[in-house]
Peer 1: 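One structure follows; several queries about it will come next.
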Protein chains: 2
Amino acid sequence: MDGRLLRGERSRGAILDAAVGLATEAGLDGLSLSQLAQRLGVSKSGLFAHWASKEDLQLAVIDQARLQWVDRIVSPALRQPRGVRRLWAAHETRIAFYAEGLLPGGCFFANAQFEFDARPGVVRDRLAEAFAEWLALLERLAAEAIEAGELPAGTDPAQLAFEVNAAGVAAVLHSRLLDPADTFARARHAVLRRLRDLTTDPTLLPEA
Amino acid sequence: MDGRLLRGERSRGAILDAAVGLATEAGLDGLSLSQLAQRLGVSKSGLFAHWASKEDLQLAVIDQARLQWVDRIVSPALRQPRGVRRLWAAHETRIAFYAEGLLPGGCFFANAQFEFDARPGVVRDRLAEAFAEWLALLERLAAEAIEAGELPAGTDPAQLAFEVNAAGVAAVLHSRLLDPADTFARARHAVLRRLRDLTTDPTLLPEA
DNA sequence: CCTACCGATCGGTAGG
DNA sequence: CCTACCGATCGGTAGG
């Protein structure tokens, strides 16, 4: 095995996983093709063999991060029973994912969305789409909890989705600048207290 | 007036104000000295006459943004009566500042903090210091509302500060990727409802 | 404050 | 997939 074969085995997916991690540190735009190639032990033109331009790579990186988000956060939450428990699980798995520290530079999406929210183009549009999809999921889970009679009929699902997401976004920022353990406890507590205040059946949720 | 004099009149403060705005679009690191010089109509070395390096400029830009934050958000809030009204005002003036759209690329601090939270150094440290200062202010305002008997004695001021700030951070991100007007209404509503639920005297706050 | 320049690095291409 | 190269731009410096 002379290294070429080994490098040849690096799949598109393995390159993209490395790129997601690097993007959390250097930024999705700060991510340079030379740096990424060097970290992977391939040449820059090896990357151009997969993606025609840096922008194409950025879009592929976003898609990879979406797969990761679904795998690590959405899917585990959906294994919980429909209703307020599933909404709570969506927040909890997210905080657990952050606390695990898999990505070296924090949340890929929070970083990239703040980075690109003033730069019109296809990258920003893709990020906005991912964000809208996540919020729509939270809103759907809230609506299902209302339908199940576990949250009051007058609850606004979109407002609740905003509040749950707010605790998640703040958890990333807060944890990376100040004390992480305190932060994650506060981010969990904020949503748990809110849901326990609202729910018609507090026994469905852990103690605050 | 031959232009040189006019350019010469550009004070340090005027350069820094332009830099704060440019940094919200390009990032505090993406901010290039050439671009800033070009926008101001001076040469690059004109900037080096004020700051010895890009990092020095970045620190000065952060300090300028802190002055702006105090002037536009903290000071107006402190003109409200001590207690739950002042805590509410701190959130409201912040959202109003965002809604006004003075900075072309959103919130300087949210952008810069996400950009630098994985890049150790003096810039990150200065941003973390500004963040801690803001949270300490919110916590102090919450503690004062408790002392004044306007919030229940058992309230955790740091937890409440986390929640108020979370709504603010989420307001920036959300407003720049989706509908701004909806977002600001939700960000106001989230905190107002929380404070009205907690307070011993709801007449101190606007209707939810 | 200016012009003119430095080496390093960027995204991207040519040719194999 | 590789090496070798392109023009553009970066932060920073020299000399005035």
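Since the structure is predicted, the reported quantities are computational estimates derived from the model, not experimental observations.
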Peer 1: If every non-hydrogen atom of A/Gly105 is compared with every non-hydrogen atom of B/Ala118, which pair is closest and at what distance?
Peer 2: CA-CB, 3.8 Å
Peer 1: Do the side chain of A/His91 and the main chain of A/Ala167 share a donor and acceptor less than 3.5 angstrom apart?
Peer 2: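 No, A/His91 side chain to A/Ala167 backbone: no donor-acceptor pair under 3.5 Å.
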Peer 1: Do NZ/NE/NH1/NH2 and the carboxylate oxygens of A/Glu25 and A/Arg39 come within less than 4.0 Å?
Peer 2: yes
Peer 1: Is the phosphate of D/dT9 approached by B/Ser34 (side-chain N or O, under 4.0 Å from OP1 or OP2)?
Peer 2: no
Peer 1: For A/Gln38, I'd like to know if atom CD has over 12 heavy atoms of other residues, nucleotides or ligands within 6.0 Å.
Peer 2: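 No.
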Peer 1: Determine whether a donor-acceptor pair (N or O, by modelled atom type, separation under 3.5 Å) exists between the side chain of B/Arg186 and the backbone of A/Ala161.
Peer 2: no
Peer 1: Output one letter per nucleotide in nucleotides 3-8 of chain C: B when a protein non-hydrogen atom lies under 4.0 Å from the base, S when only the sugar-phosphate is that close, - when neither is.
Peer 2: B-----
Peer 1: Need one value for A/Leu31: base, sugar-phosphate or nothing, where a base atom within 4.0 Å counts as base even if backbone is also close, heavy atoms only.
Peer 2: sugar-phosphate
Peer 1: Can you measure A/Trp51 atom CH2 to C/dT13 atom C1' for me and round it to whole angstrom units?
Peer 2: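 After rounding, the gap between these two atoms is 19 Å.
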Peer 1: Quick check: does any side chain N or O of B/Lys44 sit under 3.5 Å from a backbone N or O of B/Gln35, one acting as donor and the other as acceptor?
Peer 2: no
Peer 1: To the nearest Å, how far apart are B/Lys54 NZ and D/dT9 P?
Peer 2: 15 Å
Peer 1: What is the distance from CG of B/Leu47 to P of D/dC10, rounded to the nearest Å?
Peer 2: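 My rounded result for the distance is 12 Å.
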Peer 1: Looking across every strand, which nucleic acid part, if any, lies under 4.0 Å from A/Gln35 by heavy atom: base, sugar-phosphate, or nothing?
Peer 2: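 Sugar-phosphate: the residue A/Gln35, judged by heavy atoms under 4.0 Å, touches backbone atoms but no base.
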Peer 1: Between CG of B/Leu87 and CG of B/Leu160, what distance do you get to the nearest 0.5 Å?
Peer 2: 5.5 Å
Peer 1: What is the distance, to the nearest angstrom, from the NE2 atom on A/His50 to the C1' atom on C/dG12?
Peer 2: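 That distance rounds to 17 Å.
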Peer 1: When you measure from the side chain of A/Leu33, which nucleotide among C/dG12, D/dT13, C/dC1 comes out closest?
Peer 2: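 From the listed options, C/dG12 comes nearest.
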Peer 1: Let me spell it out: for each of B/Ala49 and A/Ser53, pick the nucleotide of DNA chain C with the closest heavy atom. Which residue's pick is nearer the 5' end?
Peer 2: B/Ala49
Peer 1: What nucleotide among C/dG11, D/dG12, D/dC2 has an atom nearest to a side-chain atom of A/Ser32?
Peer 2: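 Given the options C/dG11, D/dG12, D/dC2, the side chain of A/Ser32 is closest to C/dG11.
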Peer 1: Whole angstroms only, please: what is the CD-C1' distance between A/Gln38 and D/dC2?
Peer 2: 16 Å
Peer 1: Calculate the interatomic distance between A/Asp56 atom CG and C/dG11 atom C1'; express it in whole Å.
Peer 2: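 Spelled out: CG on A/Asp56 to C1' on C/dG11 is 13 Å.
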Peer 1: Only Watson-Crick and G-U wobble pairs, only distances under 3.5 Å, only runs of 3 or more: what stems does that leave for DNA chain D?
Peer 2: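 The stems are C:1-16 with D:1-16.
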Peer 1: Give the rounded distance in Å between these two atoms: CG of A/Leu36 and P of C/dG12.
Peer 2: 13 Å
Peer 1: Assign A/Leu57 to base, sugar-phosphate, or nothing according to its heavy-atom contacts below 4.0 angstrom with the strands shown.
Peer 2: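 It contacts nothing in the nucleic acid.
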Peer 1: Under 3.5 Å, side chain of B/Arg196 to main-chain N/O of B/Pro206, donor-acceptor pair present?
Peer 2: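 Pair found, side chain donor or acceptor close to backbone of B/Pro206.
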Peer 1: Parallel under 30°, tilted from 30 to 60°, perpendicular over 60°: which one fits the rings of A/His174 and B/Phe131?
Peer 2: perpendicular
